[in-house]
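In what follows, a single structure is set out as structure tokens and then discussed.
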Amino acid sequence: MPIRNIAIGHPQEATHPDALKAALAEFISTLIFVFAGEGSGMAYNKLTDNGAATPAGLISASIAHAFGLFVAVSVGANISGGHVNPAVTFGAFVGGNITLLRGILYWIAQLLGSTVACLLLKYSTGGLTTAGFALSSGVGVGNALVFEIVMTFGLVYTVYATALDPKKGSLGTIAPIAIGFIVGANILAGGAFDGASMNPAVSFGPALVSWSWENHWVYWVGPLIGGGIAGLVYEFFFIGHSTHEQLPSAGDY
């Protein structure tokens, strides 16, 4: 059972050089991703003078996020695993593939990366607003919650199948592009309804910088539920044995 593989981790892990390097990689990767994704939305608003959303705008957002995530995962994969998303980290944790302490380091780094990206965008664009995620007209919180659960399930399931499964073989070489593609596809599906976050860090940075928190909880609860379910399903049904990352021994500290 995956639940048996869950580990808190050693207290010293929070200051271990490898863990800190991984956290730094998550910070940089998330900054790269959010800067590209959020920046594309701000560029669209500037070009249209804050005009109404259009199909072309949705497609451009999908492409920017897919390309940005492809690069962000690729540059972080060999250092931290390239999570770039608290929901991915949570899904890896419940499946027994990362310790709680290391996961918390990743979360802090991801949230900081998103925040710094939004601050840089606000400064470099002359004070333009970093638009927070919001529900479209006629979309309730229940609708958005289901959207976020299903979309994030698909994302984390893809991460497991292409990156975390020990049987992935050569499939691992296309993991970053597969992960980018599923995010881009999900934006095309859900972007017009709730913005299609699938990533609490992506939602947190713009909300903090613009101080706009309406329905923000949806963009945490939905992705964490979807990511957690995907981790449990894939680990229980398709891996079925311990794949917990090797923790440093006491002599390494």
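This structure is a prediction, so every number in the text was calculated from the model and none was measured.
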Query raised in the report: Can you name the one residue among Ile179, Val159, Leu164 that meets side chain to side chain contact (heavy atoms under 4.5 Å, CB included) with Val88?
Result: Val159
Kindly compute the distance separating [atom1] ([X]) from [atom2] ([Y]), expressed to the nearest 0.5 Å.
X	Y	atom1	atom2	result
Ser197	Trp220	OG	CH2	10.0 Å
Ile98	His83	CD1	NE2	5.0 Å
His10	Thr15	NE2	OG1	12.0 Å
Leu224	Ile229	CG	CD1	11.0 Å
Asn143	Leu135	CG	CG	8.5 Å
Ile104	Thr89	CD1	OG1	11.0 Å

Query - Co-members of Leu119 in a cluster of I, L, V, M, F, W and Y side chains, linked at under 4.5 Å - result: Val209
Does some side-chain heavy atom of [Y] sit less than 4.5 Å from a side-chain heavy atom of [X]?
X	Y	value
Ile239	Tyr160	yes
Pro223	Glu148	yes
Leu208	Cys118	no
Phe236	Leu232	no
Lys46	Thr125	no
Val218	Phe133	no
Leu145	Trp217	yes

Show the nearest heavy-atom pair for residues [X] and [Y], with the distance to one decimal.
X	Y	answer
Ser40	His65	OG-CE1, 4.4 Å
Val75	Ile32	CG2-CD1, 4.4 Å
Ala109	Ala23	CB-O, 3.1 Å
Thr162	Ala178	CG2-CB, 4.1 Å
Ala196	Gly191	CB-N, 3.7 Å
Gly184	Ser62	O-OG, 2.7 Å

I'd like to know if the side chain of [X] and the backbone of [Y] have a donor-acceptor N/O pair within less than 3.5 Å.
X	Y	result
Thr54	Gly57	yes
Glu13	Ala19	no
Ser210	Thr129	no
Thr152	Gly226	no

Does the plane of the ring in [X] sit parallel, tilted or perpendicular to the ring in [Y]? Use 30° and 60° as the thresholds.
X	Y	value
Phe238	Tyr157	perpendicular
His216	Tyr219	tilted
Trp107	Phe90	tilted

If hydrophobic clusters are built by linking Ile, Leu, Val, Met, Phe, Trp and Tyr wherever their side-chain heavy atoms come under 4.5 Å apart, do [X] and [Y] end up in the same one?
X	Y	value
Ile79	Phe70	no
Val150	Val141	no
Leu155	Val146	no
Tyr44	Val183	no
Leu69	Phe67	yes

Query raised in the report: Residues in side chain to side chain contact (heavy atoms under 4.5 Å, CB included) with Leu24, at least two apart?
Result: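 Leu24 satisfies side chain to side chain contact (heavy atoms under 4.5 Å, CB included) with Phe27, Ile28 only.
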Query raised in the report: Residues in side chain to side chain contact (heavy atoms under 4.5 Å, CB included) with Ala72, at least two apart?
Result: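 Once residues adjacent in sequence are excluded, the partners of Ala72 under the side chain to side chain contact (heavy atoms under 4.5 Å, CB included) criterion are Ser29, Phe33, Val84.
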Query raised in the report: Side chains of Gln110 and Asn199: do they bring a donor and an acceptor to under 3.5 Å?
Result: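 Looking only at side-chain atoms, Asn199 and Gln110 do not form any donor-acceptor pair under 3.5 Å.
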Report task. Apply the test side chain to side chain contact (heavy atoms under 4.5 Å, CB included) to residues Thr99 and Phe93: give CA-CA distance (whole Å), side-chain angles for both, the deciding distance (0.1 Å), then the verdict. Result -> CA-CA 6 Å; Thr99 65; Phe93 166 69; over 6 Å; no
